[in-house]
Number of protein chains: 2
Amino acid sequence: MSSKRPTLARRSLPMRPFSESLPMALLRTREAVMRLFRPGLRSRGVTEQQWRILRALAHQGPMEVTELAEATFFLAPSLSRILPDLEQRRLIGRRVVDTDLRRSVVSLQAEGLRLITEHAPYSEQMYARIAKRFGTEKLVQLLQLLHDLETSLGELAGELEPDLARARNRKPSP
Amino acid sequence: MSSKRPTLARRSLPMRPFSESLPMALLRTREAVMRLFRPGLRSRGVTEQQWRILRALAHQGPMEVTELAEATFFLAPSLSRILPDLEQRRLIGRRVVDTDLRRSVVSLQAEGLRLITEHAPYSEQMYARIAKRFGTEKLVQLLQLLHDLETSLGELAGELEPDLARARNRKPSP
DNA sequence: CGAATATAATTATGATGTTAATTAATTTTC
DNA sequence: GAAAATTAATTAACATCATAATTATATTCG
């Protein structure tokens, strides 16, 4: 009764090797980067996500929630959960737009600015180390390629929109 | 009582512009890629994560859970939640290793292989479109850079380990 | 004007990621 | 050979993300 079941054929599948998967490569690389940055952030009591928000506000100034979502690449519900906490800690402030009571503008508060200016050197130093090890030119090149790819993908998504929508709505096979 | 509070100074912060943040660039690009692939997967009733598992098994053959975690970049608890579902749907199978009852080997089942072979062409076609639009050479170059960076970061993390551990354990300022 | 539609933001729900604790089994050490 | 330490995997607890539903406010148009 102990006959090994035959292993399913698995070579020469009609698809690229797993190691060449672009999404996987991006995920792995990002995780490797964050592994270096997270401890510093943690020591300041902010998460990666909170830092993203503070940084966007610091660089681009006060913004409405919708703009902030676009700038930080968060979905609106994520912001709805994160912002109240940052507000309580006085890192950010909010004020309703008086011409449209649905909207509110988020801005960096003194405490948030302090956190950023204190932590930025650490962050930049880490960046410098990465650049030194990896090569500054390569880093620039990588950022450029990522940006280009994002643009290309955006164009593609636009063109394929009908196809993608169709696939999205098709029911999973039962 | 409606005096506008002054906006905090925010230019010339001691840190790179948000747009040049490497983690952000990697996140945005990955999300842009997945936006193209997700609808197809969804139409087959599998999530991005489930696909990652099936694909790793298809390419590398049966594996123990720990190996699978490493190959797919999941943490063990995530697999513990995802695998039972795939097993119920007969996409994968599991069997305990008889020389070590703690371990179990996960393998692709006929149904899982069918799903992969059916979906792979769609996936490859999308990949081809991306390559055509973005440029095959640039794509290869990007993957190479990502891989190199991951290696560099791994080395750095090793060297900085004591520093990072110290930062990790430092309490957030009160 | 006022009903219908659109928009900004939040809340709800279910799946996933993360860390820590737990369980079960194996290996090490004296 | 049994107590101690280690390892594989799961479970628990909590934060986060994605999608959908809801709430409150604005806008459009008959």
Side-chain angles (χ1 to χ4, degrees), chain A residues 23-24 27-28 30-32 34-35 37-39 41-42 45-53 62-89 92 94-106 164-165 168-169 172, chain B residues 23-24 27-28 30-32 34-35 37-39 41-43 45-53 62-89 92 94-106 165 168-169 172:
Chain A
M24 201 63 198
L27 181 64
R28 295 174 64 100
R30 183 179 138 86
E31 186 48 36
M34 288 314 302
R35 235 193 295 279
F37 283 106
R38 254 191 289 258
L41 289 173
R42 184 174 173 149
V46 291
T47 65
E48 174 193 336
Q49 290 85 356
Q50 294 167 342
W51 178 250
R52 233 155 92 196
I53 291 170
M63 272 179 279
E64 292 182 9
V65 175
T66 305
E67 298 173 300
L68 186 60
E70 186 170 355
T72 55
F73 218 62
F74 279 109
L75 295 178
S78 297
L79 287 183
S80 289
R81 257 175 297 115
I82 299 172
L83 293 182
D85 178 54
L86 293 176
E87 197 179 0
Q88 277 193 329
R89 290 159 66 187
I92 64 168
R94 293 181 74 163
R95 119 187 116 64
V96 170
V97 176
D98 53 1
T99 62
D100 185 341
L101 302 183
R102 295 169 303 181
R103 301 163 191 259
S104 63
V105 170
V106 183
L164 297 179
R168 204 167 9 249
N169 297 328
Chain B
M24 201 64 198
L27 181 64
R28 294 176 64 101
R30 184 180 138 85
E31 187 48 37
M34 288 315 302
R35 235 193 294 280
F37 284 105
R38 256 192 285 259
L41 289 174
R42 185 174 172 148
S43 75
V46 291
T47 65
E48 175 194 335
Q49 289 84 355
Q50 293 168 344
W51 179 250
R52 235 155 90 197
I53 291 170
M63 271 180 281
E64 293 182 10
V65 174
T66 304
E67 298 172 300
L68 186 60
E70 185 171 357
T72 55
F73 216 61
F74 280 110
L75 294 179
S78 297
L79 286 183
S80 288
R81 253 173 319 182
I82 300 172
L83 293 182
D85 177 54
L86 294 177
E87 197 179 359
Q88 278 194 328
R89 290 158 67 188
I92 64 169
R94 293 181 73 163
R95 118 188 117 63
V96 170
V97 176
D98 53 2
T99 63
D100 185 340
L101 301 183
R102 293 170 305 183
R103 301 162 188 260
S104 63
V105 170
V106 183
R168 198 163 19 244
N169 297 327

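Order of the sequence lines sets the chain letters (A, B, ...), proteins ahead of strands, with each chain counted from 1. Quick caveat: nothing in here was measured; it's all calculated off a predicted structure.
Q88(B) places no side-chain N or O within donor-acceptor distance of the main-chain N or O of D85(B), the cut-off being under 3.5 Å.
Of the candidates dT19(C), dC17(D), dA9(D), dA9(D) carries the atom nearest the R103(B) side chain, counting heavy atoms from C-beta on. Taking the side chain of Q49(B) as heavy atoms from C-beta on, and the options dT10(C), dT16(C), dA8(D), the nearest nucleotide is dT16(C). Nearest to the side-chain atoms of D100(B) among the listed nucleotides dA25(C), dA20(D), dC17(D) stands dA25(C). The side chain of R102(A) has dT25(D) as its nearest neighbour among dG17(C), dA12(D), dT25(D). Checking dT10(C), dT16(D), dA9(D) against every side-chain atom of A76(A), the shortest atom distance belongs to dT10(C). Comparing dT19(D), dT16(C), dT18(C) by their closest approach to the side chain of L75(B) singles out dT18(C). Each of dG17(C), dA9(C), dT10(D) was ranked by its minimum atom distance to the side chain of R94(B); first place goes to dT10(D). When distances run from any side-chain atom of S104(B) to the nucleotides dT25(D), dT16(C), dA9(D), the shortest one goes to dA9(D).
Separating the CD atom of E31(B) from the P atom of dT16(C) is a distance of 15 Å, rounded to the nearest angstrom. Atom CZ of R52(B) and atom C1' of dA15(C) are 14 Å apart (whole Å). One atom, CZ of R95(B), and another, C1' of dA9(D), lie 17 Å apart when rounded to the nearest Å. In this entry the distance linking CZ of R38(A) with P of dT18(C) reads 7 Å, nearest Å. In this entry the distance linking CE of M63(A) with P of dA9(C) reads 12 Å, nearest Å. In this structure, CG of L27(B) is placed 15 Å from P of dT16(D), rounded to the nearest angstrom. Atom CG in L86(A) sits about 14 Å away from atom C1' in dT16(D), given to the nearest Å. For the pair I82(B) CD1 and dT10(D) P, the interatomic distance rounds to 12 Å; values are reported in whole Å.
For the residue pair T72(B) / R52(B), no side-chain donor-acceptor distance below 3.5 Å is found, with atom types taken as modelled.
Comparing R81(A) and V105(B) along DNA chain D, the residue whose closest nucleotide (by nearest heavy atom) sits nearer the 5' end is V105(B). Annotation: of the two residues near DNA chain D, D98(A) and P77(A), the 5′-most nearest-nucleotide partner is P77(A).
The two residues V105(A) and P62(A) have their closest heavy-atom pair at CG1-CB, 3.7 Å.
Phosphate contact (OP1/OP2 of dG17(C), side-chain N/O of S78(B), threshold under 4.0 Å): present. Of the side-chain N and O atoms in T47(B), none sit less than 4.0 angstrom from OP1 or OP2 of dA15(C).
Here the options are I92(B), L83(B), I82(B), L41(B), the test is side-chain contact (heavy atoms from CB on, under 4.5 Å), and the partner is Q50(B); only I82(B) passes.
Within a 6.0 Å radius of CD in E70(B), no more than 12 heavy atoms belonging to other residues, nucleotides or ligands are found.
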